[in-house]
Amino acid sequence: LEQQPSRNAGSPPSVCCASGACTETMDRGGQSREQQEAMAMAQFQQLLESQKMVAKLTGKCFSLCVSNAGTSLATSQQVCLWRCAQRYMETQHFVQKYSEDKVKSGTWDLIAAGQP
């Protein structure tokens, strides 16, 4: 076995056998560099989705609850914003769980529904 220099500093080196077949070594957590990158990308995408949801929630609730923007919000506007945000989050959670349950049970086929 011979160790090949790593492409990126800090990433685990590749190990090549006498046959020339190379495999990437695992880090301490037992994950390859590709797995770590995939996990980081998934986390980043999740962060983007949550930021989009907050922006959407803010826009919808603010336009519903605040007719005239001033220097401060009235108590009724604050209560309206709070309730609107709660309903929005509960609805998003319900729809997500409902969709996951349908997919897991096999009663909702994403491909047939037009999703890739």
Side-chain angles (χ1 to χ4, degrees):
L1 293 177
E2 84 183 54
Q3 224 178 37
Q4 297 294 320
S6 183
R7 288 179 290 244
N8 294 330
S11 64
S14 295
V15 176
C16 294
C17 299
S19 66
C22 294
T23 60
E24 194 163 317
T25 59
M26 299 291 165
D27 71 352
R28 290 182 193 136
Q31 296 174 332
S32 72
R33 183 169 171 259
E34 285 85 13
Q35 288 171 320
Q36 290 175 344
E37 288 175 357
M39 285 177 53
M41 183 58 77
Q43 288 175 340
F44 181 70
Q45 288 174 336
Q46 194 172 28
L47 175 66
L48 287 177
E49 287 302 315
S50 66
Q51 288 178 340
K52 281 197 272 185
M53 184 179 72
V54 168
K56 191 174 184 179
L57 177 150
T58 302
K60 286 185 180 291
C61 292
F62 195 83
S63 62
L64 175 73
C65 298
V66 181
S67 55
N68 308 3
T71 56
S72 63
L73 295 173
T75 303
S76 61
Q77 292 172 323
Q78 292 176 18
V79 170
C80 180
L81 286 167
W82 174 257
R83 289 179 179 162
C84 178
Q86 288 295 100
R87 281 193 308 268
Y88 189 88
M89 296 297 286
E90 289 169 1
T91 302
Q92 289 288 31
H93 181 72
F94 173 80
V95 169
Q96 181 180 2
K97 284 297 191 191
Y98 178 83
S99 300
E100 289 172 0
D101 291 346
K102 287 291 189 182
V103 170
K104 284 180 184 174
S105 69
T107 58
W108 191 15
D109 184 6
L110 289 179
I111 295 172
Q115 298 293 319

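The first residue in the sequence is number 1, and the count goes up from there.
- Distance check, rounded to the nearest 0.5 Å: SG of Cys65 to CD of Gln78 gives 11.0 Å.
- Gln96 and Gln92 are not linked by any side-chain donor-acceptor pair at a separation below 3.5 angstrom, with hydrogens and angles left out of the test.
- Residues Gln51 and Leu48 have side chains in contact (heavy-atom distance under 4.5 Å, counting atoms from C-beta outward).
- Under the 4.5 Å side-chain criterion, counting only non-hydrogen atoms from C-beta, Glu49 is not in contact with Met53.
- Remark: Met41 CE to Gln45 CD distance equals 6.0 Å, nearest 0.5 Å.
- The OG1 atom of Thr58 sits 9.5 Å away from atom OH of Tyr88, with the distance rounded to the nearest 0.5 Å.
- When side chains are defined from C-beta on, Arg83 does not count as touching Gln86, because their heavy atoms never get closer than 4.5 Å.
- Here the shortest heavy-atom pairing between Asn68 and Gln77 reads O-NE2, 4.0 Å.
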Q: Could you walk me through whether Glu90 and Arg87 pass salt bridge (charged side-chain N to carboxylate O under 4.0 Å, His left out), step by step?
A: CA-CA 5 Å; Glu90 289 169 1; Arg87 281 193 308 268; over 6 Å; no

